[in-house]
Amino acid sequence: MMQFKSLMGIVSVCAALVLSGCNGDNSSNSNNQVQEKPKLQPIVIQGALPVESERMASKLENVSVETIGGWKFWKGTYKGYPMVISKTRMGMSNSAAATAIAIQHYQPIAIINQGTSGGHDPDLKVFDIVLGKYTTNIGAFKTPNKPIGGGSNSLEWNEAFDVLPEDESDPEPIAIRKFEGDKELLVAAYKAKVHYSKGQVVEGTIGSADTWNNELDRINFFHTKYGTSVEEMEAASVAQIAQQFKVPFLGVRILSNNITNNGAYDPATGEACQDYALEVAEQYMKVKAEAK
């Protein structure tokens, strides 16, 4: 009997040790899980052309390429953060469609639309970067009534047309709509600013339209009346779609040329803006990861 009791005591002690060890492992695993990097939805960075997108795509790791309709997407990671690079193609319709597809397909945490642009502000130089505190459509206008033979003068097109009015029963929603850049993305852009040495980084208004303006009087009209810093062909339509899906948005545009001060076109600006946009995205995702 004494031997049996001793054996049972040993078994009880071993069982207790095993249970204690298991509980210790669970606690350790739990701590490890807490310390793991939180999973985030990807951030989408857009560029209209290969010169505005392929450099970013080449820097991704674990890349998969998807083509949906006529739009190309590279999905991967950059410094451990999930990112999607989107080649939207040129123009307002292309970029709007690419944005809607990206939002539905990838459910992004935010969207950065970046690329080259032409200067409207004489104080800005080639390689300067404009952060879109505001982005606006400069291609939607109601022209004045004129008879046949009355001519046409775009400097008289003073009534901007709001394509996203609050009151959709209004047949003539005359107002300039400025889409405001997301504040958290702007903060990230300012953090990234310290790493950019090729020009200034300033806040401004990005003007978008399916138009390439070379008339200095017309450019000056936009700059003085609507405060435009640069013009390009995509950002306002992206902002419009992002707003309707409630996805944070920021336009980032580098001056590739500026005819208001004879700033000649430089193709290297496309790569410089892509590098800066990746830095902005990294700064934004870092904050989001820390907040998880």
Side-chain angles (χ1 to χ4, degrees), residues 46-49 51-52 90 92 112-141 154-158 160 176-183 185-239 249-280 283:
Q46 300 171 318
L49 296 169
V51 71
E52 296 169 311
M90 283 194 297
M92 304 286 271
I112 298 172
N113 178 270
Q114 63 79 49
T116 57
S117 62
H120 280 195
D121 186 344
D123 291 334
L124 296 177
K125 296 179 173 58
V126 174
F127 278 102
D128 286 349
I129 288 177
V130 174
L131 306 177
K133 183 176 182 181
Y134 300 105
T135 303
T136 191
N137 187 328
I138 57 170
F141 287 90
S154 65
L155 298 180
E156 297 175 355
W157 300 0
N158 293 314
I176 188 74
R177 175 174 289 273
K178 289 188 172 182
F179 298 97
E180 191 169 359
D182 179 75
K183 289 180 174 56
L185 283 167
L186 278 169
V187 169
Y190 273 102
K191 288 180 181 177
K193 179 179 177 179
V194 298
H195 301 292
Y196 186 73
S197 59
K198 296 184 178 181
Q200 302 181 81
V201 177
V202 300
E203 284 186 5
T205 297
I206 298 170
S208 307
D210 284 330
T211 308
W212 187 319
N213 289 294
N214 285 310
E215 298 173 341
L216 286 173
D217 285 342
R218 183 68 171 160
I219 289 171
N220 184 61
F221 168 84
F222 287 129
H223 178 57
T224 55
K225 186 171 178 63
Y226 300 116
T228 53
S229 307
V230 293
E231 70 167 54
E232 44 73 76
M233 296 181 171
E234 293 86 27
S237 60
V238 176
F249 163 83
L250 181 66
V252 176
R253 288 288 164 165
I254 193 167
L255 276 80
S256 59
N257 71 299
N258 191 349
I259 66 172
T260 70
N261 58 21
N262 299 314
Y265 171 73
D266 191 326
T269 52
E271 292 191 350
C273 196
Q274 290 178 75
D275 290 344
Y276 177 76
L278 280 172
E279 179 71 22
V280 175
Q283 293 294 337

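This is a predicted model, so every value here is computed, not measured.
Of all non-hydrogen atoms in N113 and V238, the two that sit nearest each other are ND2-CG2, 3.6 Å. When all heavy atoms are compared, the tightest approach of V230 to R253 is CG2-CB, 4.1 Å. For V252 against I206, the heavy-atom pair with the smallest separation is N-CD1, 4.2 Å. Across all their heavy atoms, N258 and V126 have their closest contact at N-CG2, 4.3 Å. S154 approaches R218 most closely through the heavy-atom pair O-NH1, 2.5 Å. The two residues I138 and E231 make their nearest non-hydrogen contact at CD1-CB, 4.2 Å.
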| query | Run the side chain to side chain contact (heavy atoms under 4.5 Å, CB included) check on H223 and D121 step by step: do they pass? | reply | CA-CA 7 Å; H223 178 57; D121 186 344; 3.7 Å; yes
| message | Go through it in stages, so that I can follow the logic: the residues are L49 and M90, the test is side chain to side chain contact (heavy atoms under 4.5 Å, CB included), and I'd like the CA-CA distance, side-chain angles, deciding distance and then a yes or no. | response | CA-CA 7 Å; L49 296 169; M90 283 194 297; 3.7 Å; yes
| side chain to side chain contact (heavy atoms under 4.5 Å, CB included) assessment of L124 paired with Q200 | CA-CA 8 Å; L124 296 177; Q200 302 181 81; 4.1 Å; yes
| message | side chain to side chain contact (heavy atoms under 4.5 Å, CB included), that's the test. Do Q114 and I129 meet it? Break it down for me. | response | CA-CA 10 Å; Q114 63 79 49; I129 288 177; over 6 Å; no
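Rounding to the nearest 0.5 Å gives a distance of 12.5 Å between NE2 of H195 and CG of D275. The distance from the CG atom of L255 to the OG atom of S117 is 4.5 Å, given to the nearest 0.5 Å. With rounding to the nearest 0.5 Å, the separation of OG1 in T269 from CD in Q274 is 10.0 Å. Rounded to the nearest 0.5 angstrom, M233 CE and T116 OG1 are separated by 10.0 Å. A distance of 12.5 Å separates NZ of K133 from CG of L250, quoted to the nearest 0.5 Å. Considering CD1 of I176 and CG of N137, their distance stands at 7.0 Å, rounded to 0.5 Å.
Side chain of N261 to backbone of P122: a donor-acceptor contact under 3.5 angstrom is found. Checked by atom type and distance alone, the side chain of D210 pairs as donor or acceptor with a backbone atom of M92 at under 3.5 Å.
Counted within 6.0 Å of CD on E203, heavy atoms from surrounding residues, nucleotides or ligands total more than 12; the atom is thus considered enclosed.
Counting only heavy atoms from C-beta outward, the side chains of E52 and C273 never approach each other to under 4.5 Å. Counting heavy atoms from C-beta outward, V130 and H120 have side chains that stay 4.5 Å or more apart. For the pair S208/T135, a side-chain contact is recorded, criterion being any heavy-atom separation below 4.5 Å from C-beta on. You'll find the side chain of L216 reaches within 4.5 Å of the side chain of T260, heavy atoms only. Counting only heavy atoms from C-beta outward, the side chains of K193 and Q283 never approach each other to under 4.5 Å. Counting heavy atoms from C-beta outward, Y190 and L131 have side chains that approach closer than 4.5 Å.
Every ring-ring contact (aromatic ring centres under 6.0 Å, His included) that Y196 has, sequence neighbours left out, goes to Y276.
Between F221 and Y226, the ring planes are perpendicular. Angles over 60° get that label, and only those under 30° would be called parallel.
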